[in-house]
Colleague: 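Have a look at this one.
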Amino acid sequence: MDLQQLSLGLDYVASNGIVLSTEKRVALQTSLVLLQHAEKLEHMTYWGKIQGLTADYYIAQGYNQDPFQRKNFMSLDCIKWAHVADVHPVLIASAQGLTTRFTGNPSHEYTVASLRKEETKSDNTVIVTTTLSEEKRLAAVIHLIDQAARVVPRGAYRKTPGDKIEKSHTFSGLSFQDAGKIDNYMHCREPETLKMKTNLQLAKLDPALDFLDSLADDIPKRCWSIQYQKGATVAVLRSVVWPGAVFYHGISSPIFGHVYVGTGLKNLDLIFMIS
Amino acid sequence: MDLQQLSLGLDYVASNGIVLSTEKRVALQTSLVLLQHAEKLEHMTYWGKIQGLTADYYIAQGYNQDPFQRKNFMSLDCIKWAHVADVHPVLIASAQGLTTRFTGNPSHEYTVASLRKEETKSDNTVIVTTTLSEEKRLAAVIHLIDQAARVVPRGAYRKTPGDKIEKSHTFSGLSFQDAGKIDNYMHCREPETLKMKTNLQLAKLDPALDFLDSLADDIPKRCWSIQYQKGATVAVLRSVVWPGAVFYHGISSPIFGHVYVGTGLKNLDLIFMIS
Amino acid sequence: ESNIREQPETADGVILAQAQEKMLKHETEVPEEDEATEELVPNVPQLAEYFEGADIGLGREESFRIFLALKKLTEDQPLKTVSFWGKVFGLEGNYLIAEAEFREGEEPQPVEEEGGDELNGEDNEEALDEEEQDPRDKLPKNKYRPPPIIPAEEYGSGVNKKVYFVCDEPGKPWVMLPHATPQQLVVARQIRKLFTGRLDAAVVSYPPFPGTEAELLRAQIARISAGTHVSPLGLYTFDEMEDDDDEEARDKYVLADDFEGKPLSELLVPDLSGWVHHGQYILPQGRCKWINPGIKGDEDEDQEDDEEEEEEEEIEAEEGAPLLTPLQNDEDVDGHPAWSVRLTNTAHTAYAAVCISSNRWPGAHAFAVNTTFANVYIGWGTKYSSEPFSPALPPMVQQEYGLEDIFESNDPTRQEEEDFEAMEAQDDERDMGSEDDDEE
Amino acid sequence: ESNIREQPETADGVILAQAQEKMLKHETEVPEEDEATEELVPNVPQLAEYFEGADIGLGREESFRIFLALKKLTEDQPLKTVSFWGKVFGLEGNYLIAEAEFREGEEPQPVEEEGGDELNGEDNEEALDEEEQDPRDKLPKNKYRPPPIIPAEEYGSGVNKKVYFVCDEPGKPWVMLPHATPQQLVVARQIRKLFTGRLDAAVVSYPPFPGTEAELLRAQIARISAGTHVSPLGLYTFDEMEDDDDEEARDKYVLADDFEGKPLSELLVPDLSGWVHHGQYILPQGRCKWINPGIKGDEDEDQEDDEEEEEEEEIEAEEGAPLLTPLQNDEDVDGHPAWSVRLTNTAHTAYAAVCISSNRWPGAHAFAVNTTFANVYIGWGTKYSSEPFSPALPPMVQQEYGLEDIFESNDPTRQEEEDFEAMEAQDDERDMGSEDDDEE
């Protein structure tokens with residue numbers, strides 16, 4: 001959630017078990033201002049918290065004009081922040097195999113197995129055991145959660161005829177009816193499912209608004225929980241694949257945002273859990 | 001402040017001594033929703049609180065499209081609301097003469113003197129003593145405070161070529177520089193000082209934006225205190241003529257509002273108090 | 001997007017507000033000191049403040065509304081104790097849960113649920129039917145005896161020590177959940193389900209869950225309470241006046257008179273030696289207090305058949321961790337202690353409290369400082385596992401009937417049949433030949 | 001409005017954040033119990049919670065930052081007690097004020113301010129100058145003697161019992177305000193000023209205020225503390241061990257050992273009989289403790305001139321309300337008690353506190369529940385009056401000099417002059433005639 005909107009965003013998601021102590025809010029409002037200034041970023045957001053066994057990681061994200069290009073930062077105390085470097089897709093794949101809790105120690109080493117094609121004449125794939133630090137695992141998980149759960153309402157971003165993506169200044173929010181339909185929400189990521197649509201399906205879409213993947217195309221079908229909250233003035237989407245990922249939107253207002261507070265583990269049992 | 005924005009607005013003005021207990025917030029969020037529904041109003045705002053000696057009056061205002069046409073409501077407990085009827089200008093003038101505290105009992109009767117022209121041949125003005133109930137005094141004071149202290153930023157409202165006043169959907173807030181200048185704030189009332197401007201002065205103004213009185217024309221010149229608060233992200237204007245009237249504007253955002261928390265007394269000593 | 005501004009739908013919001021309005025109150029008097037009664041509703045907003053210091057909670061306004069809703073519950077029900085147990089999230093709606101005890105003698109008799117508890121009854125009917133059959137049609141007898149039904153614990157003891165009320169928003173009416181049965185607990189441990197938010201939603205699972213979402217919720221509440229209701233060591237103690245019966249596990253605790261609060265340093269140690277469980281461990285049979293399923297009483301009419309089985313199965317009593325067992329003994333999770341410890345108010349620890357969060361049941365938390373403590377659960381109602389979920393396998397295919405009475409043989413081939421027929425024909429000829437010999 | 005989005009000016013925000021960052025801390029350990037020291041910084045956020053129940057306060061985040069700032073103050077200054085006194089609004093900036101006491105012997109010596117305290121000195125210099133004049137030029141002597149300077153109370157007693165630090169935002173450095181002098185208090189009572197937010201701003205007033213905004217702020221703080229620092233009856237008591245000197249007004253109080261809290265019902269009565277002042281009343285001369293201005297010591301060199309005056313003016317000692325006087329005795333405001341009483345937590349009064357707000361100094365509040373209480377001031381720093389403000393009139397025009405030595409007469413008219421000249425001429429002629437007569 002955007003730093004400027006911190007108290008409003010927290011107010012919207014509190015019902016879902018996401019709160020920040022006054023102490024942390026005060027620390028964030030000071031330290032993130034300094035971080036934004038030091039890194040010369042136009043926008044600073046509080047991304048959320050990944051809970052470790054002995055300590056928790058607070059994550060912040062900053063970006064300039066392009067919402068796809070984000071810089072991640074982590075802190076153990078909301079006072080001192082460290083840049084979290086992006087990780088190679090191979091490491092992301094390795095990290096996906098880890099199903100135990102984050103320990104809370106960024107230097108902790110995990111043993112992961114990854115497949116690698118050996119460059120030999122026989123062209124065998126060999127299982128290689130490497131170590132992955134918790135810090136890199138953190139970067140990987142942040143990336144995965146963003147890919148899976150970073151949501152924007154339809155209409156908040158527009159694609160100009162020049163193929164430039166910009167935030168729409170006239171977006172005044174989804175109506176009450178629209179806010180309850182999952183097709184009005186989109187993933188803020190490089191499109192994946194959009195590319196797999198047929199020309200017939202694409203013809204029905206508006207190229208200025210529907211240039212991102214719709215949440216309706218997520219598999220399995222019931223992986224998002226949509227609820228009206230706060231007396232039907234806020235729409236809240238919670239991911240069941242990544243429990244703890246929460247998106248909020250003030251109905252009929254331009255306010256929206258997302259946050260993640262959880263263990264950083266993907267829910268692999270989803271299929272069994274929904275009747 | 002608008003009911004939807006209640007927690008955000010309170011967050012902006014808290015630094016100025018204006019807070020609401022959780023209990024009152026919860027009660028307001030329930031009772032004002034019901035009031036808005038019962039009275040079929042498009043907008044509902046928490047206007048503020050007038051402190052009496054034995055009890056306090058919580059005031060709410062509602063309106064539809066026209067921000068000049070407002071309905072006032074009062075409550076002693078934020079649960080049950082009563083409509084506060086508008087009062088005649090003569091009574092408003094009488095109420096201005098009252099300089100003691102509100103008692104907290106709506107039925108309390110004040111003795112006021114008012115001048116009335118006797119309809120006799122001699123055309124004398126006679127001093128007539130009447131009683132004024134505290135409820136009517138309340139209505140009068142709410143009207144006076146609105147006239148003196150209901151502020152909107154320049155650009156938030158526009159006048160269409162058809163002379164219709166509407167809220168601007170593209171208003172994205174005053175910039176940091178502009179937010180510190182008092183000429184960028186206007187009174188949300190039927191213009192008074194505007195009419196007294198010369199044609200030469202009017203020629204420099206934009207008829208779509210400058211159709212309201214500017215705060216810069218208020219007399220005495222230093223009757224508004226402008227401050228940047230919350231780390232220079234919010235501009236706050238406080239009236240010194242009506243201490244307790246506070247206007248807030250989130251810089252570079254479309255968020256603004258006002259609230260009054262005070263004794264309901266005008267500060268008649270202002271001239272002596274500013275050096 | 002059209003230019004016509006849609007009238008905001010306030011119907012849902014208004015309905016909720018109308019329900020919530022009933023909870024609002026504004027008092028201007030306080031009772032005289034001698035009139036003051038023992039306070040029934042806990043100071044939920046203040047407890048929420050402590051949890052908030054560890055980033056746990058539901059926000060100040062919802063906490064306050066829950067407080068008002070608990071207050072309303074005490075006005076509608078004759079309760080002896082009440083507290084906010086927690087919030088369970090569901091896909092379509094959520095559940096707020098209150099934990100309570102009725103005043104002596106006031107507990108209502110819950111409506112009997114139709115359903116899976118009657119399995120044995122049906123079998124008994126079948127047995128009756130059997131006896132009405134014609135003894136000449138001796139059909140194979142079904143030797144299957146379902147496992148004995150473990151009776152549920154009574155209200156006030158074990159799993160059902162307390163009763164639970166749920167509602168989906170503060171202000172909506174509270175609904176009492178049924179008591180938990182051992183069958184529900186046994187199945188609940190084997191399945192992994194998310195809640196929808198509708199108490200009457202069907203639970204489709206294997207093994208089949210004997211109940212609807214209401215019963216599953218109750219079972220999960222029981223498991224979570226048993227596993228995560230903890231308190232500082234010394235706050236609760238065993239009642240000295242009760243008989244010290246070594247055979248019976250102690251199952252009652254009382255507030256200790258002399259508890260003055262545990263120092264934060266002792267609550268903060270990572271090995272959790274400063275905390276104990278006051279939620280009682282649930283045995284594998286689904287009860288806190290072991291009952292021997294072999295002892296049937298006079299319900300089973302096939303007692304004779306079981307005499308043999310009694311001698312065969314000597315059922316060993318299940319044992320679990322005793323009440324008030326320290327948290328040190330909890331099994332590790334992923335190589336770390338089962339609970340993570342955090343300090344609130346890290347800027348100035350003189351005013352801090354200690355908060356611990358369960359790693360086995362993510363969402364279960366407890367805090368303590370001086371003589372104040374509380375437990376809460378805020379989560380989806382599922383247990384943590386680093387292993388992917390594997391549903392229970394169906395049991396082995398049953399044996400249809402004993403093989404010892406049956407023997408199989410191969411069908412004769414055509415050649416064998418011809419040989420046989422040939423032999424038969426030869427025997428017939430020989431026999432006819434001998435008969436001819438006798439007549440000369 | 002141009003299309004170029006202006007880069008938001010973060011300079012101010014960043015500078016403030018940098019200052020505030022120094023206050024942030026994150027501790028993960030707690031001291032062992034035997035190491036724990038007496039807690040110096042009060043639990044400001046918790047006290048703010050109580051006030052918030054009565055819609056009083058500055059919001060949770062500012063309260064927390066103030067807490068951190070007080071903590072920092074205790075690290076920078078050798079203090080014995082510290083508390084958050086309140087916030088005073090100014091036109092351009094605001095003041096946050098901390099009330100403190102130094103540890104024994106650690107109080108710094110404040111820098112002497114140049115200015116109005118030296119009036120008497122200048123007069124003394126004038127007197128010296130006078131004596132150097134030529135005795136032949138006996139100019140009229142200036143008989144004006146300015147009123148004697150009432151000496152300020154020492155740090156630790158009366159008005160200056162405590163010392164005050166101000167800053168404009170939490171995180172900015174704390175500045176110590178000078179001690180209050182009686183002159184400042186006397187003038188402050190006669191003027192009505194808003195603050196600008198700059199400690200060095202000039203105060204333009206009549207009577208002229210002897211100081212800048214810093215001194216005026218200090219004077220108002222003194223007046224507000226004296227008038228509105230209250231506590232529940234019984235919380236403070238007089239030290240039994242001190243001599244009971246009836247002549248000396250008791251000016252010290254200590255915490256009572258046996259205070260167990262006043263019941264809310266007693267704190268809630270509108271006649272305020274449950275509360276007492278522990279801020280000491282300021283006498284009209286500007287001190288809490290009367291000092292006789294007639295007793296000059298050896299400062300005044302014109303003692304002889306005053307001997308006569310001593311006999312004429314028998315100065316009567318000023319008396320004010322004694323310490324720990326109940327609030328019942330406060331003068332009414334607009335026909336109502338001087339304090340308005342409110343109950344917090346009106347939805348469930350079992351957890352309520354009582355909060356009273358001063359009607360004489362709007363913005364001064366106090367709350368109490370059980371053994372917890374606090375005072376705070378949040379306002380513009382001015383007193384309430386239902387009458388419009390009338391500035392002091394200038395004094396009467398001074399008499400230039402005594403009239404008894406002077407008599408006036410009218411200038412002669414021309415006619416009288418001519419008559420006189422004529423008479424003179426006649427006398428001269430007569431005289432000359434007599435002289436002529438003598439010579440015959």
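The basis for the numbers below is simple: all heavy atoms, side chains too, and nothing from hydrogens, waters or symmetry mates. None of the values given here were measured: they were computed from a predicted structure. In what follows, chains are A, B, ... by sequence order, proteins preceding strands, each numbered from 1.
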Colleague: Looking at chain B, which one of D:Lys87, D:Lys193, D:Glu169 has the largest number of heavy-atom pairs inside 4.5 Å, strictly under?
Modeller: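 Ranked by heavy-atom pairs under 4.5 Å with chain B, first place is D:Lys193.
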Colleague: Less than 4.5 Å to any heavy atom of chain B: does that hold for the side chain of D:Tyr384, its backbone, both, or neither?
Modeller: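 Side chain only.
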Colleague: Please state whether the side chain, the backbone, both or neither of D:Leu16 comes within less than 4.5 Å of a heavy atom of chain B.
Modeller: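 It is the side chain, since no backbone atom gets that close.
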Colleague: For a quick check under 3.5 Å, do D:Glu52 and B:Ser21 share a side-chain donor-acceptor pair by atom type?
Modeller: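 No.
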Colleague: Need one label for B:Gln229: side chain, backbone, both or neither, based on atoms under 4.5 Å from any heavy atom in chain D.
Modeller: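 Side chain only.
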Colleague: Check each atom of B:Thr233 against the heavy atoms of chain D and say whether the ones under 4.5 Å are side chain, backbone, both or neither.
Modeller: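 For B:Thr233, no heavy atom lies under 4.5 Å from chain D.
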Colleague: What part of B:Ile18 is in contact with chain D, defined as an atom under 4.5 angstrom from a non-hydrogen atom: side chain, backbone, both or neither?
Modeller: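 Only the backbone of B:Ile18 comes within 4.5 Å of chain D.
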Colleague: Looking only at heavy atoms and a cut-off of under 4.5 Å, which of B:Ile79, B:Asn16, B:Thr99 has the most pairs with chain D?
Modeller: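 So the answer, after comparing B:Ile79, B:Asn16, B:Thr99, is B:Thr99.
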Colleague: For each of D:Gly59, D:Ser386, D:Ala202, tally heavy-atom pairs with chain B at distances under 4.5 Å, and name the one with the top tally.
Modeller: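 Going by pairs under 4.5 Å, I would pick D:Ser386.
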Colleague: Look only at the side chain of B:Gln227 and the backbone of D:Gly90, and say whether a donor-acceptor pair between them is shorter than 3.5 Å.
Modeller: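 At least one qualifying donor-acceptor pair exists.
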Colleague: Just how far is it from atom OG1 of B:Thr100 to atom CD of D:Glu387, taken to the nearest 0.5 Å?
Modeller: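 Between B:Thr100 OG1 and D:Glu387 CD, I get 10.0 Å after rounding to 0.5 Å.
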Colleague: Could you tell me if the side chain of D:Leu91 sits less than 4.5 Å from the side chain of B:Val240, heavy atoms only?
Modeller: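 Touching, per the 4.5 Å side-chain cut-off.
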Colleague: To the nearest 0.5 Å, what is the distance between NZ on B:Lys24 and CG on D:Asp55?
Modeller: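 Rounded to the nearest 0.5 Å, the NZ-CG separation comes to 6.5 Å.
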Colleague: How about B:Arg238 and D:Trp380: do any of their side-chain heavy atoms sit closer than 4.5 Å?
Modeller: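 The answer is yes; the side chains approach within 4.5 Å.
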Colleague: For the candidates B:Thr263, B:Leu98, B:Leu20, which exhibits the highest count of non-hydrogen atom pairs separated by less than 4.5 Å from chain D?
Modeller: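 Going by pairs under 4.5 Å, I would pick B:Leu20.
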Colleague: Looking at chain B, which one of D:Asn345, D:Asn94, D:Val341, D:Val204 has the largest number of heavy-atom pairs inside 4.5 Å, strictly under?
Modeller: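 It is D:Asn94.
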Colleague: Let me know if B:Tyr58 has heavy atoms under 4.5 Å from chain D in its side chain, its backbone, both or neither.
Modeller: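 For B:Tyr58, side-chain heavy atoms alone lie under 4.5 Å from chain D.
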Colleague: What verdict does the salt bridge (charged side-chain N to carboxylate O under 4.0 Å, His left out) test give for B:Arg101 and D:Asp334, after you've listed the backbone C-alpha separation in whole Å, the side-chain angles of each residue and the deciding distance to 0.1 Å?
Modeller: CA-CA 7 Å; B:Arg101 291 282 303 274; D:Asp334 291 346; 5.9 Å; no
Colleague: Give me the atom names and distance for the closest heavy-atom approach of B:Gly17 to D:Phe89.
Modeller: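 Heavy atoms of B:Gly17 and D:Phe89 come nearest at N-CZ, 4.0 Å.
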Colleague: Would you mind checking which part of D:Thr346 comes under 4.5 Å of any heavy atom in chain B, side chain (CB onward), backbone (N, CA, C, O), both or neither?
Modeller: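 Both backbone and side chain.
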Colleague: Hey, does the side chain of B:Asp269 reach the backbone of D:Phe389 with a donor-acceptor pair shorter than 3.5 angstrom?
Modeller: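 Between the backbone of D:Phe389 and the side chain of B:Asp269 there is a qualifying donor-acceptor contact (under 3.5 Å).
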Colleague: Please flag which part of D:Ala17 lies under 4.5 Å from any non-hydrogen atom of chain B: side chain, backbone, both or neither.
Modeller: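 Neither; nothing under 4.5 Å.
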Colleague: Is D:Arg342 close to B:Asp56 at the side-chain level, that is, under 4.5 Å between some pair of heavy atoms?
Modeller: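 With C-beta onward as the side chain, the pair touches.
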Colleague: Would you check if D:Pro270 and B:Thr54 make a side-chain contact, meaning some heavy-atom pair closer than 4.5 Å?
Modeller: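 Heavy-atom side-chain distance check fails, nothing below 4.5 Å.
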Colleague: Taking atom types as modelled, is there a side-chain donor on B:Ser225 or D:Glu92 under 3.5 Å from an acceptor on the other?
Modeller: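 No donor-acceptor contact under 3.5 Å links the two side chains.
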Colleague: With a 4.5 angstrom heavy-atom cut-off, could you sort out which part of D:Ile191 is near chain B: side chain, backbone, both or neither?
Modeller: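 No part of D:Ile191 comes within 4.5 Å of chain B.
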Colleague: For B:Leu53 and D:Ser340, work out which heavy atoms get closest and say how close.
Modeller: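 Closest approach of B:Leu53 to D:Ser340: O-OG, 2.5 Å.
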Colleague: At a 4.5 Å cut-off on heavy atoms, which part of B:Leu270 comes close to chain D: side chain, backbone, both, or neither?
Modeller: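 Side chain only.
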Colleague: Which region of D:Glu61, side chain (C-beta onward) or backbone (N, CA, C, O), has a non-hydrogen atom less than 4.5 Å from a non-hydrogen atom of chain B, or is it both or neither?
Modeller: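 Interface part for D:Glu61: side chain.
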